[in-house]
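Here's the structure, in structure tokens; my notes come after.
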Amino acid sequence: TGFHPELTGRENIHLNGAVLGMKKAEVDRKFDEIVAFAEIEKFLDTPVKRYSSGMYVRLAFAVAAHLEPEVLIVDEVLAVGDAEFQKKCLGKMDDVTKEGRTVLFVSHNIGAILNLCPSALWLDRGQSMMRGNSEWVVTQYLRPGSDKQGDAAVPPPLKPDDVTITKAFVLDSNHQISAEVDFRLPFFVGLEYVVRKPIRSLRVGVRLKNGQGIAVIFSEDAWGSSGVTDPGTHSAWVEIPGHLLSPGRYSLDLSAYLLRVHGYHYAHDCLAFDVCGTDSVDGREAGMGVICPELRWFRNSLD
């Protein structure tokens with residue numbers, strides 16, 4: 001959709017309808033719906049060159065989606081606008097597809113792609129990397145490296161500091177380094193870090209992300225918050241209970257910081273590992289959640 005900057009919102013709606021070959025009566029029939037969707041009633045007669053980027057995109061999307069094109073091409077429209085408008089956009093695109101029309105959705109919003117698109121095409125510098133089922137393509141796109149690992153060296157921060165994370169690792173229930181852990185058993189994730197001077201209130205944290213890039217767990221070791229961490233090499237690890245994470249691939253982010261004061265080192269996608277299911281629990285089954293803990297059930301009474 002192209003807008004003429006000197007024309008008002010009202011005039012651009014009619015202009016776009018004409019470009020699409022619609023008659024004036026057809027545009028008039030959709031006019032109120034477009035304006036209501038874009039939420040720009042008070043600025044309808046203002047030249048669009050005076051619109052904010054959010055207002056401009058809201059009107060552009062409303063026009064494109066409501067004037068019944070056979071193919072709707074949406075390029076990063078969700079990068080602008082508040083959460084409520086993004087939700088409206090996703091709902092409208094879903095409606096368009098149900099009407100039998102085609103939506104080509106270009107975005108880095110992984111959640112939106114998975115919710116909206118049955119198939120995906122991964123492009124990198126103009127080259128087609130992969131095409132197929134959206135969940136599979138997204139998993140490969142987010143995969144932090146070609147191979148899973150039980151431990152890995154962590155790249156140093158761009159600017160040297162008093163704390164540096166040097167290693168990430170995963171330990172299975174037998175306390176052995178492993179790139180695969182059993183869904184049913186507890187395991188550990190952790191980090192090794194170097195401290196160069198005594199630091200009070202130092203915290204280190206780990207964040208687990210699933211194959212869709214969703215942060216599933218964050219935990220921090222706040223032991224240092226009650227005292228001083230001495231210079232030297234230190235290790236810290238946190239136990240992840242069994243029967244918590246859905247089977248699948250996970251990646252590990254690490255951090256070392258003073259809470260709300262200073263960040264020493266943040267390391268993203270340090271390694272990838274697999275939480276493996278069993279014959280009775282398969283993480284690829286439809287309907288399983290981000291986590292699938294064992295929960296307590298009751299029948300007939302809470303006693």
*Run the numbers on V261 and L259 for side-chain contact (heavy atoms from CB on, under 4.5 Å), then give the verdict.*
CA-CA 5 Å; V261 176; L259 185 63; over 6 Å; no
_Walk me through whether F188 and H175 qualify under ring-ring contact (aromatic ring centres under 6.0 Å, His included)._
CA-CA 8 Å; F188 304 84; H175 303 175; 5.2 Å; yes
*asked:* What verdict does the side-chain contact (heavy atoms from CB on, under 4.5 Å) test give for F105 and M93, after you've listed the backbone C-alpha separation in whole Å, the side-chain angles of each residue and the deciding distance to 0.1 Å?
replied: CA-CA 9 Å; F105 181 53; M93 284 187 280; 3.8 Å; yes
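Exactly one residue among L171, L245, D182 makes a side chain to side chain contact (heavy atoms under 4.5 Å, CB included) with F187. That residue is L245. Looking at I34, N12, V35, V27 one by one, the single match for side chain to side chain contact (heavy atoms under 4.5 Å, CB included) with V63 turns out to be I34. Residue Y264 is tested with I199, T164, I165, V204 for a side chain to side chain contact (heavy atoms under 4.5 Å, CB included); the sole match is I199.
Here the side chains of E192 and S235 are in contact, with some heavy-atom distance below 4.5 Å. Inter-residue side-chain proximity for V181 and D274 is flagged as unmet; no heavy-atom pair is nearer than 4.5 Å. Annotation: side chain of I177 is not in contact with side chain of V170 (no heavy-atom distance under 4.5 Å). With a 4.5 Å cut-off on side-chain heavy atoms, F218 and L208 do not count as touching. Residues P186 and E239 are in side-chain contact: their nearest non-hydrogen atoms beyond the backbone lie under 4.5 Å apart. Inter-residue side-chain proximity for T46 and T8 is flagged as unmet; no heavy-atom pair is nearer than 4.5 Å. Taking the side chain as every heavy atom from C-beta outward, M130 and V137 approach each other to under 4.5 Å. Using a 4.5 Å heavy-atom threshold, the side chains of R196 and P231 count as separate.
In this structure, D172 contributes its side chain and N174 its backbone to a donor-acceptor pair below 3.5 Å. Formation of a donor-acceptor pair under 3.5 Å by the E26 side chain with backbone atoms of K23 is found in this model. Counting only distance, with no hydrogens or angles, the side chain of T102 and the backbone of V71 share no donor-acceptor pair below 3.5 Å.
K167 has a carboxylate O that lies under 4.0 Å from a charged side-chain N of D151, or vice versa, which qualifies the two as a salt bridge. At a threshold of 4.0 Å, the pair E39-K88 counts as salt-bridged, since one of the basic side-chain nitrogens sits closer than that to a carboxylate oxygen. Under a 4.0 Å N-O distance rule, the pair R10/D45 qualifies as a salt bridge.
For E99, the CD atom sits in a packed shell: over 12 heavy atoms of surrounding residues, nucleotides or ligands are nearer than 6.0 Å. Residue E70 places its CD atom among 12 or fewer non-hydrogen atoms of other residues, nucleotides or ligands, all under 6.0 Å distant. Taking a 6.0 Å sphere around CZ of R29, one finds it holds more than 12 heavy atoms contributed by other residues, nucleotides or ligands.
The aromatic ring centres of H265 and Y193 sit 6.0 Å or more apart.
One distance of note links CG of N133 with SG of C117; it measures 11.0 Å at 0.5 Å rounding. Once rounded to the nearest 0.5 Å, the distance linking CG of D124 with CE of M129 reads 5.0 Å. Between the CZ atom of R58 and the CZ atom of F43 there is a distance of 9.0 Å, given to the nearest 0.5 Å. Between H4 atom NE2 and K49 atom NZ the span is 10.0 Å, to the nearest 0.5 Å. If you take CD1 on I113 and CG on L121, they are separated by 10.5 Å, rounding to the nearest 0.5 Å. Going from atom CD1 of I291 over to atom NE2 of H243 covers 14.0 Å, rounded to the nearest 0.5 Å.
Placement of L252 and V290 within a single hydrophobic cluster is found when ILVMFWY residues are connected by side-chain heavy-atom separations under 4.5 Å, directly or transitively. L244 and W237 are assigned to two separate hydrophobic clusters, defined by single-linkage of ILVMFWY side chains at heavy-atom distances under 4.5 Å. V106 and V103 end up in different hydrophobic clusters when Ile, Leu, Val, Met, Phe, Trp and Tyr side chains are linked at under 4.5 Å. The cluster map of Ile, Leu, Val, Met, Phe, Trp and Tyr, joined by side-chain heavy atoms under 4.5 Å apart, puts V216 and F183 in the same cluster. Under the 4.5 Å side-chain heavy-atom criterion for ILVMFWY residues, a single connected hydrophobic cluster contains both L258 and L254.
The ring-ring contact (aromatic ring centres under 6.0 Å, His included) test applied to F31 returns H14, not counting sequence neighbours. For D161, the side-chain hydrogen bond (donor to acceptor under 3.5 Å, both in side chains) partners at least two apart in sequence or on another chain are H262.
Judged by the 6.0 Å and 45° rule, K209 forms no cation-pi pair with Y250.
A side-chain donor from one of S251 and D269 sits under 3.5 Å from a side-chain acceptor of the other.
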